[in-house]
Amino acid sequence: MTNPCMVFLELLGMLVGTGGWFCSLAATIMPQWLSLSTELMGMESYEQGLWEACVIQEVAGTECRPYDTILGLKPEFMLARVLMCVSDATCLLGLLLAIPSMSQINCCKSEEGQRTKRGLKITAGVFLCIAGLFVLFPISYIAHDIVIKYFDESIPHVVPRSEFGDALFIGWAAGLLDIVAAVLFFTSCSESRDSERYLVYHDQRQQIRTIDGSRKHTETQCHLQK
């Protein structure tokens, strides 16, 4: 018998993890990591991402160009590129491992198969947790760098300062969703262990009742034969 609480936690973890992967992928692709606007040129603003930079003009619209070379990128952007790509791949691998470990998949019904499913689920949770940390680290580091430079008094006030882009907020959401999905998978493992203990106890009681019933039936036959 499948534990409904465990099924709910697995489905919720799968849904939250999928949402985290889509948010992480969107943050990786989006060019809105840094937003820069100047008071001198109010009709124009700039946006910078991991792969391209964009110029936004009210008249001409938006024009984006990819970086010509990776050698000119900032070190934090190079690190963010690597960690975000690794996070996307790790999160996807965790979700793929979580699919066969779900209790709704009709396979591995034996006790050894249930242990294998639990191991796959724990591995998926670990991968999702790592993916969440890999997203939060570059996002938080770049946000910290933006704050430090924004309040730097050594820079003249007329010099434009970068601000948070939309991709940073989406990246924070992705990291938190990945970690929440990992916690849900870990919690479902504890629920599955409790349900297995109940099933083992229930089977043992059934066996004891069967043995007692067979003994009583044998004793009755013996009395009738006498």
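The cluster map of Ile, Leu, Val, Met, Phe, Trp and Tyr, joined by side-chain heavy atoms under 4.5 Å apart, puts Ile170 and Leu83 in different clusters. No single ILVMFWY cluster, assembled from side-chain heavy atoms under 4.5 Å apart, contains both Trp51 and Met30. Both Trp33 and Phe164 are assigned to one and the same hydrophobic cluster, defined by single-linkage of ILVMFWY side chains at heavy-atom distances under 4.5 Å. By the criterion of side-chain heavy atoms lying less than 4.5 angstrom apart, applied directly or through intervening Ile, Leu, Val, Met, Phe, Trp or Tyr residues, Leu176 is not grouped with Leu15; the two fall into different hydrophobic clusters. In the hydrophobic cluster analysis, where Ile, Leu, Val, Met, Phe, Trp and Tyr join through side-chain heavy atoms closer than 4.5 angstrom, Leu50 is grouped apart from Tyr141.
The structure places CG of Leu79 at 12.0 Å from CG of Leu73, a figure rounded to the nearest 0.5 Å. With rounding to the nearest 0.5 Å, the separation of CG in Leu92 from CG in Leu25 is 9.5 Å. To the nearest 0.5 Å, atom NZ of residue Lys117 and atom SG of residue Cys189 are 12.0 Å apart. Atom CZ of residue Phe151 and atom CD1 of residue Ile146 lie 12.0 Å apart, to the nearest 0.5 angstrom. The distance from the CE atom of Met102 to the CG atom of Leu9 is 10.5 Å, given to the nearest 0.5 Å. Considering OG of Ser45 and CD of Gln57, their distance stands at 9.0 Å, rounded to 0.5 Å.
Between Ala181 and Gly13, the closest heavy-atom pair is CB-O, 3.5 Å. Minimum heavy-atom separation, Ser101 to Leu120: CB-CB, 3.8 Å. Considering every non-hydrogen atom in both Thr28 and Met84, the closest pair reads OG1-CE, 3.3 Å. Of all heavy-atom pairs between Gly49 and Tyr67, the closest is O-OH, 2.7 Å. What you find for Met14 and Phe185 is that their closest heavy atoms are N-CZ, 3.7 Å. Minimum heavy-atom separation, Ser162 to Leu36: N-CD1, 3.9 Å.
The salt bridge (Lys or Arg N to Asp or Glu O under 4.0 Å) check on Asp145 picks up Lys149, with sequence neighbours excluded.
A heavy-atom distance below 4.5 Å is found between the side chains of Ser140 and Trp172. Residues Ile130 and Val86 are not in side-chain contact: their nearest non-hydrogen atoms beyond the backbone lie 4.5 Å or more apart.
For the pairing with Leu177, the side-chain contact (heavy atoms from CB on, under 4.5 Å) check across Leu128, Val135, Thr18, Val16 returns one residue only, Val16.
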Test side chain to side chain contact (heavy atoms under 4.5 Å, CB included) on Ile142 and Phe77 and set out the steps.
CA-CA 8 Å; Ile142 291 178; Phe77 272 63; 4.2 Å; yes
Apply side chain to side chain contact (heavy atoms under 4.5 Å, CB included) to Phe186 and Val126, showing your working.
CA-CA 9 Å; Phe186 291 149; Val126 171; 4.0 Å; yes
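Counting only N and O atoms by type, the side chains of Asp178 and Ser24 include no donor and acceptor under 3.5 Å apart.
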